[in-house]
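Note sheet for the following structure.
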Amino acid sequence: QDHFDLRQGFKNLYRRALVHMDDIAERIRLFNQKTVESLNEISKTSEISEAPADITGFEMVKNIVSDLRILMNISTDSIEKAAELSDYGTEILLKNHIKKTAKQTL
């Protein structure tokens, strides 16, 4: 049920997530810091876990909403840390990502 609508929405979220991750990774590398590159490393350190393959569309949407909340909390914490460090570039980058995500998912 709603397979094609959900698939398109998930695809859009996935594409935006890739852009956000790339932007943040570039910012991290700007400071000569190492980024997590492999899917294996990401899955080990992520607060978000992969959902089972056999869940309903409704459960998928619930999981994505939960995952977006986690990302927003991490972003908010990171904005606060960037502000403490007077890293205005990172602060603005993260605020813009939050604004875009909120606007496009509502």
Side-chain angles (χ1 to χ4, degrees):
Q1 185 179 15
D2 300 323
H3 171 79
F4 293 106
D5 292 333
L6 290 174
R7 182 175 177 193
Q8 187 61 41
F10 295 158
K11 191 184 295 187
N12 290 339
L13 285 170
Y14 175 77
R15 286 181 182 145
R16 276 197 310 274
L18 287 176
V19 170
H20 290 198
M21 288 187 297
D22 190 51
D23 288 348
I24 292 166
E26 284 179 25
R27 187 78 188 160
I28 291 168
R29 288 190 293 268
L30 179 71
F31 294 103
N32 293 319
Q33 298 298 309
K34 183 184 180 305
T35 57
V36 178
E37 298 289 335
S38 75
L39 206 47
N40 188 34
E41 275 184 287
I42 291 169
S43 66
K44 284 181 184 177
T45 59
S46 179
E47 292 182 36
I48 297 173
S49 57
E50 186 174 357
D54 61 346
I55 61 175
T56 67
F58 180 75
E59 290 169 319
M60 288 178 193
V61 172
K62 274 180 52 177
N63 284 347
I64 288 174
V65 168
S66 174
D67 294 347
L68 287 172
R69 282 191 183 120
I70 291 168
L71 290 174
M72 292 298 181
N73 289 336
I74 292 169
S75 295
T76 301
D77 293 345
S78 299
I79 288 167
E80 290 172 6
K81 186 64 176 177
E84 287 174 21
L85 298 170
S86 299
D87 180 3
Y88 304 115
T90 300
E91 189 178 351
I92 290 167
L93 173 75
L94 293 170
K95 284 179 179 179
N96 286 338
H97 283 295
I98 287 175
K99 187 189 293 185
K100 286 179 190 175
T101 300
K103 187 186 296 184
Q104 295 170 340
T105 55
L106 293 177

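Numbering of residues begins at 1 and proceeds along the displayed sequence. Since this is a predicted model, take the numbers as computed values, not measurements.
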Is V36 reachable from M21 through a run of hydrophobic residues whose side-chain heavy atoms are each under 4.5 Å from the next? no

Which residues satisfy the salt bridge (charged side-chain N to carboxylate O under 4.0 Å, His left out) test with E41, sequence neighbours excluded? K34

Is a salt bridge present between D87 and K81, judged by a nitrogen-to-oxygen distance below 4.0 Å? no

What distance do L39 atom CG and E50 atom CD have between them, rounded to the nearest 0.5 Å? 8.0 Å

Minimum side-chain heavy-atom gap L71-I98 below 4.5 Å: no

What are the two closest heavy atoms between S75 and L94, and how far apart are they? O-CD1, 4.2 Å

Separation between CD1 (I79) and CD (E84), nearest 0.5 Å, reads 12.5 Å

Which atom pair, heavy atoms only, marks the closest approach of P52 to I55? O-CG1, 3.7 Å

Between CD1 on residue I64 and CD on residue E59, distance to nearest 0.5 Å: 12.5 Å

Verify same cluster id: L30, L93 (apolar side-chain graph, 4.5 Å): no

Qualifying residue, where the test is side-chain contact (heavy atoms from CB on, under 4.5 Å) with R15 and the options are N12, L13, V19: N12

In this structure, CD1 of I74 is separated from CZ of R69 (nearest 0.5 Å) by 14.5 Å

If you look at every heavy atom in E91 and A82, which pair is closest and at what distance? N-CB, 3.9 Å

Roughly how far, to the nearest 0.5 Å, is OG1 of T45 from CG of N40? 9.5 Å

Take atom OH in Y88; do more than 12 heavy atoms of anything else shown fall under 6.0 Å from it? no

For the student: nearest non-hydrogen atoms of G57 and L6, plus distance: CA-CD1, 3.6 Å

Using a strict 4.0 Å threshold on nitrogen-to-oxygen distance, state whether R29 and E26 make a salt bridge. no

If hydrophobic clusters are built from ILVMFWY residues whose side chains come within less than 4.5 Å, do I28 and I42 share one? no

Close side-chain approach of E47 to D67, heavy-atom, < 4.5 Å: no

Could you tell me whether F10 atom CZ has more than 12 heavy atoms of other residues or ligands within 6.0 Å of it? yes

